[in-house]
Amino acid sequence: MYRNILVLVFAGAALGQNSLPEDFTRCRQKDSKLSECLKSAVPDAMRRMKKGIPLLSVPPLEPLQVSVINIDSGAGPVTITQNYRNIKLHGLTDSVLTFYKADLKHYRLRTDSITPKMEFLADYVMKGRILVLPIQGKGIANITMVNLVVKHDLIGEPVTRDGQLYMHIKDYKVKFIPQRVILYFSNLFNGDKRLGDQMNMFLNENSDLVFNELKDSYEKSLSSVFQEVTNRIFDKVPMKDIFIED
Ligand SMILES: *[C@@H]1O[C@H](CO)[C@@H](O)[C@H](O)[C@H]1NC(C)=O
């Protein structure tokens, strides 16, 4: 008898972990303004996730840490092999959503966000060529994107586990459209200050070109980070507890 009660208590505690934190705004599936609701609920939730959600193993979003990004840029005017480690993304939680479209019947979410200032800070190693100039270095990189518009396209699929329906995100696509990109690499050319300053100036004068060549790799790497963070929640919290069913 006592044992049964204990089992119930622990089952209850375990279930309790698999819900969104109490202070998150809930949106209802049947609400005709579901997309409107999510448009404000999602950035609000992100601000509440600055320090992460330990119970769901959601990592802190401010800054969001990424272990490694490797970029092997092929042909074209910018051919630079780049390795980034200990990446920290600052500014994500200041994002606002300008558009949200939830099509839950097809497990599809599309949203546009704007981040006033997204700082990408990392240890870098790079070697290659930009236009006719050789570039190489090893130090700290600061890639700052100002008024960054990100188009997110989340393609989910239904997964049933223990009689519960979950919305697993199987594909997460992003497009980055920054208004302005400011690049800074410390310690270029083995610390030669004159060459380093000149190269940083050159990179910034050509930042559209430089960024466009690297955009695909950044998008691919960061979309998999966003996918991972989303699935930390979506794989653990049943769909009806994220998008409330009446
Ligand atoms: C990164 O660069 C931006 C733009 O120049 C600057 O505002 C910011 O302070 C830099 N961050 C760090 C940690 O140096």
Side-chain angles (χ1 to χ4, degrees), residues 43 46-52 58-71 73 77-98 112-131 133-152 174-226 228-229:
M46 283 175 64
R47 275 184 269 287
R48 293 173 195 281
M49 287 192 283
K50 275 185 185 180
K51 296 199 160 69
V58 174
L61 297 190
E62 204 59 69
L64 179 63
Q65 309 218 20
V66 182
S67 56
V68 172
I69 294 182
N70 286 315
I71 299 177
S73 161
V78 183
T79 52
I80 310 176
T81 306
Q82 298 165 81
N83 167 264
Y84 295 96
R85 282 177 189 282
N86 303 320
I87 301 145
K88 292 188 175 67
L89 280 181
H90 293 263
L92 263 184
T93 60
D94 295 328
S95 303
V96 292
L97 301 187
T98 54
D112 294 349
S113 63
I114 179 157
T115 309
K117 188 174 165 197
M118 175 125 105
E119 264 179 57
F120 172 108
L121 304 173
D123 297 333
Y124 83 92
V125 181
M126 72 158 107
K127 192 174 169 54
R129 201 174 48 78
I130 163 162
L131 299 176
L133 301 176
I135 178 169
Q136 56 109 347
K138 180 175 191 295
I140 294 166
N142 175 350
I143 301 169
T144 297
M145 291 168 264
V146 178
N147 290 332
L148 173 67
V149 172
V150 184
K151 294 181 172 290
H152 308 248
V174 299
K175 284 266 160 268
F176 282 172
I177 308 155
Q179 186 192 63
R180 184 158 164 243
V181 181
I182 305 160
L183 304 138
Y184 177 77
F185 295 93
S186 79
N187 203 48
L188 285 165
F189 306 108
N190 304 315
D192 183 317
K193 180 160 161 39
R194 200 180 53 87
L195 285 180
D197 288 351
Q198 279 176 3
M199 180 52 84
N200 274 306
M201 206 185 298
F202 180 78
L203 290 173
N204 283 291
E205 279 162 4
N206 296 281
S207 65
D208 284 353
L209 169 73
V210 175
F211 186 75
N212 272 321
E213 292 295 320
L214 308 175
K215 197 165 102 68
D216 279 1
S217 308
Y218 289 137
E219 287 171 346
K220 266 201 205 94
S221 308
L222 295 182
S223 64
S224 68
V225 175
F226 294 164
E228 157 97 25
V229 170

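Please read these numbers as outputs of a predicted model, since none were measured by experiment. Atoms within each ligand, like the ligands themselves, are counted from 1 in listed order.
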Subject >> SB check D216 K220 (cutoff 4.0 Å) >> reply: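 Judged by the 4.0 Å cut-off on N to carboxylate O distance, D216 and K220 do not form a salt bridge.
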
Original post:
Below 4.0 Å from any atom of ligand 1, is there a heavy atom belonging to H90?
Top reply: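 Outside the 4.0 Å threshold, so no.
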
Original post:
Near K117, which atoms of ligand 1 are under 4.0 Å from a heavy atom of that residue?
Top reply: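 Those qualifying, in numeric order: 7 (O).
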
**OP:** Could you list which atoms of ligand 1 come closer than 4.0 Å to a heavy atom of T144?
**Re:**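 Here the atoms of ligand 1 in question are 1 (C), 2 (O), 3 (C), 4 (C).
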
Can you tell me which residue and heavy atom of the protein come closest to [atom], and the distance to 0.1 Å?
atom	result
atom 1 (C) of ligand 1	N142 ND2, 1.4 Å
atom 5 (O) of ligand 1	I182 CG2, 3.7 Å
atom 9 (O) of ligand 1	E119 OE2, 4.4 Å

Original post:
Do any N or O atoms from the side chain of N70 and from the backbone of N83 form a donor-acceptor pair under 3.5 angstrom?
Top reply: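 No; judged by distance alone, with no hydrogens or angles, the pair does not exist.
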
Original post:
Taking the side chain from R129 and the backbone from L131, do they hold a donor-acceptor pair closer than 3.5 Å?
Top reply: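 Yes; judged by distance alone, with no hydrogens or angles, the pair exists.
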
Original post:
Which class fits the ring pair Y124 and F185: parallel under 30°, tilted 30 to 60°, perpendicular over 60°?
Top reply: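 Geometry flag for F185 against Y124: perpendicular rings.
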
Original post:
Would F176 and F211 satisfy ring pair (Phe, Tyr, Trp, His ring centres under 6.0 Å), going step by step from the backbone distance to the final call?
Top reply: CA-CA 10 Å; F176 282 172; F211 186 75; 7.1 Å; no

